[in-house]
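Report on the following structure.
What you see is a predicted model; the values in this text were computed from it and never measured. Each chain gets a letter, A, B and so on, in the order the sequences are listed, and its residues count up from 1.
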Amino acid sequence: MRWSSLLIPTLREDPAEAEAVSHRLMIRSGLVRQLAAGIYCYLPLGHRILDKINTIIREEMNRIGGQEITLPAIHPAELWQQTGRWAEIGEEMFRLKDRGRRDMCLGMTHEEIIAWLAAKEIRSYRELPQIWYQIQVKFRDEARPKSGVLRTREFLMKDSYSLDVDEEGLRQSYALHKEAYGRIFERCGLTFYVVESDPGMMGGAGSHEFMAPSPAGEDEVALCGSCGYAANIELAASRPALPTFPSWSSLEEIPTPGARTIEEVSTFLQIDPRLTLKTLMVMTGDGPLLCLLRGDQQLHERKVQHLVGPFRPAHRDEVKEFTGVEVGFLGPLNLELPLLADEALAEGVYVAGANREGTHLRGVVPGKHVRARYADIHRVQAGEACVKCGGLVTVEPVIEVGNIFQLGTRYSTALKAVYLDERGQERPIVMGSYGIGPARIAAAAIEQSHDRDGAIWPSSIAPFQIHLVTVNVKDAAMRSLGEELYRSLAAAHVEMLYDDRDERPGVKFKDADLLGIPYRVTVGSRAIKDGQVEIRNRRTKADSMVPVADTVPHIQALLSRTDGK
RNA sequence: CGGGGCGUAGCGCAGCCUGGUAGCGCACUUGGUUCGGGACCAAGGGGUCGCCGGUUCAAAUCCGGCCGCCCCGACCA
């Protein structure tokens, strides 16, 4: 296609509002434009990229027996009320009323609709299993949209749902999706991890996430280099290495004037922060709770929430009210409050707050002095030991590009999606749900593959394969040679962007680097003089000169070699 | 929702503190020169200074309210 007739509004300068690399480059290379916070237009080039990604997704979904459907974006409230999510979900759901004052919402996901459809259409075990998928816009009124298309309020999502007769069937459908997802991200040219994830409010048994490592990612995963253990930080477990414990044999009060934070206390006492114990007060539904952690560890709020339900950190004056102590000198001894201790504290001897201003207590042995419930409530930090094999754990920021959930029967039961088994018994359909964010794949691809000049697209999802550039269209010979190449490449079905604009060469080359199409074919003075065109690899920046007459077969060979990657 | 920043031409910014003529670079239009890494010369077009109100003879500038966008945090199916 000719650049001169396309909308490709490249920008010379970085847009002020864009921070993340993918955000900056997607705007600069004319892929997207922002309409409002978290709401984006996809321009022709961005659209082509999404199209490429969606085609790969379709091929792999169809391959595991998925059937593409299209579901409504506007849902009646009743369905969501029946599964309880109408009330469960807060402001993140876009809600509206129709002219009859009926409550409606914009779909954030489609479990309810699928279960409704299954309830209507599935009667017998003979009709199962099924895999239904769609590539559709979803709406979530995110509290904080960010990083360009990485976190938006309206976004394209491939969501599929499996319907099975039992848990065993679900496991098979789940395994099929896991494989299909691996192939999809592989084909899109992404580096990714498959990690254990927290099923969260989806409910259900098991779940995994597909994570593309990138500094722009909002999630973190813990990875073990030895055994391959990989989990979202939201549920990852680790064993912190134990320090060498001193022989503090008895409890001893020591003055620590003004030393409130772990850093201040350990500096003041000249000890390893790992020999301190910190006491954090949180307010649960049942009142105050003290959480005990080793000084160098961080409280993992989600783990605590799993154990005690919703809670919030206590305010300064609440700590004073319930303990009579100033924040900074709180400790686990001699308080009539429930205690939740991190399991790392089961061993060792520590310095803890003495519940008296300006004083700490040395020689606290939690196992002996403290009656607490022990659990894993710390956040995994890099360098700790893997719970499976003892290997070293690393922590990395990642972009979540896909997730798979074993839902079970929550939605089918609520919406009466049932079938009759071989014995004529009515049973709930067992469901799974599986999502992929195509825009996140695009953004992750840029995050993982770019240089200072622009994007470097994997050819499988590049908007075009070849970027044909005529250096000077005012030069008649050059122009006609460019046109001739354009025609013959087009006739050979090479997917190509032809920069036929009347621009100076520098502008065209900068734009070509910015767009990041895998190969640039340049028709310049050398093509006229020596009959050679230049083919440049965007990634390696290596040039090769090819006789004009050989250009088409040469390019065809080049593209077939990189096909599918 | 808490904290911070920003809103002036299509884009990037200055002007605001200390009130009085709205400015620069890029982009755009026309003419000319130039043509392998974001050219040059000349002449142009384009802005209710986010919105509403207040103070003042006079507001982009000072004051109040609101809206929008970005970043950090909280939240996140």
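Scanning residues 503-518 of chain A for heavy-atom distances under 4.0 Å to RNA chain B yields A/Arg504, A/Pro505, A/Gly506, A/Val507, A/Phe509, A/Lys510, A/Asp511, A/Asp513. Within residues 449-456 of chain A, no residue places a heavy atom under 4.0 Å from RNA chain B.
Searching all strands for a Watson-Crick or G-U wobble partner of B/rU33 with both distances below 3.5 Å returns B/rA39.
A/Tyr174 meets the ring-ring contact (aromatic ring centres under 6.0 Å, His included) test with A/His208; sequence neighbours excluded. A/Asp550 meets the side chain to side chain donor-acceptor pair (under 3.5 Å) test with no other residue; sequence neighbours excluded. Under the salt bridge (Lys or Arg N to Asp or Glu O under 4.0 Å) criterion, A/Asp451 pairs with A/Arg538, A/Lys541, not counting sequence neighbours. Listed by chain and number, the residues in a side chain to side chain donor-acceptor pair (under 3.5 Å) with A/Asn232 are A/Glu209 (sequence neighbours excluded).
In this structure, A/His467 and A/Trp3 have tilted ring planes: the angle between them lies in the 30° to 60° band. Ring-plane geometry between A/His110 and A/His75 is classed as perpendicular, the angle between the planes exceeding 60 degrees on a 0 to 90 degree scale with a lower cut at 30.
Listed nucleotides: B/rC26, B/rC35, B/rG37. Nearest to the side chain of A/Arg520: B/rG37. Considering only the side chain of A/Glu17, B/rC70 comes nearest among B/rC76, B/rC75, B/rC70. Of the candidate nucleotides B/rG12, B/rG36, B/rC26, B/rG36 has the atom nearest to the side chain of A/Ser525. The side chain of A/Gln34 sits closest to B/rC69 out of B/rG36, B/rC69, B/rC71. The side chain of A/Arg12 approaches B/rA27 more closely than any other nucleotide in the set B/rA27, B/rC71, B/rG36. Here the side chain of A/Ala36 is nearest to one of B/rC75, B/rU34, B/rC69, namely B/rC69. Side-chain atoms of A/Glu92 lie closest to B/rC76 of the nucleotides B/rG36, B/rC76, B/rG37.
Atom P of B/rC26 sits at a distance of 43 Å from the matching atom of B/rC57, rounded to the whole Å. Here the separation of B/rG23 from B/rG53, taken at their C1' atoms, is 28 Å to the nearest Å. Atom C1' of B/rU33 sits at a distance of 43 Å from the matching atom of B/rC69, rounded to the whole Å. Spacing of C1' atoms, B/rG3 relative to B/rG45, comes out at 44 Å, to the nearest Å. Separating the P atom of B/rG54 from that of B/rG15 is a span of 29 Å, rounded to the nearest Å.
To the nearest angstrom, P of B/rA39 lies 13 Å from CG of A/Asp502. With rounding to whole Å, A/Glu220 atom CD is found 15 Å from B/rC76 atom C1'. Rounded to whole Å, atom C1' of B/rG37 lies 13 Å from atom NE2 of A/His467.
For A/Arg526, no side-chain nitrogen or oxygen approaches OP1 or OP2 of B/rG36 to under 4.0 Å. Not one side-chain nitrogen or oxygen of A/Arg144 sits closer than 4.0 Å to the OP1 or OP2 atom of B/rC70.
Nearest heavy-atom pair across A/Leu35 and A/Cys41 is CB-SG, 4.5 Å. Contact record, A/Phe464 with A/Ile517: O-CG2, 3.2 Å, taken as the closest heavy-atom pair.
Contact annotation for A/Ser147: backbone-only contact, meaning every heavy-atom pair under 4.0 Å involves sugar-phosphate atoms and none involves a base. Residue A/Ala16 is classed as a sugar-phosphate contact, given heavy-atom separations below 4.0 Å to backbone atoms only. Backbone-only engagement by A/Glu301 is indicated by non-hydrogen atom pairs under 4.0 Å involving sugar-phosphate atoms exclusively.
For A/Arg28 and B/rG38, a side-chain-to-base donor-acceptor distance below 3.5 Å is present, hydrogens and geometry of angles not being considered.
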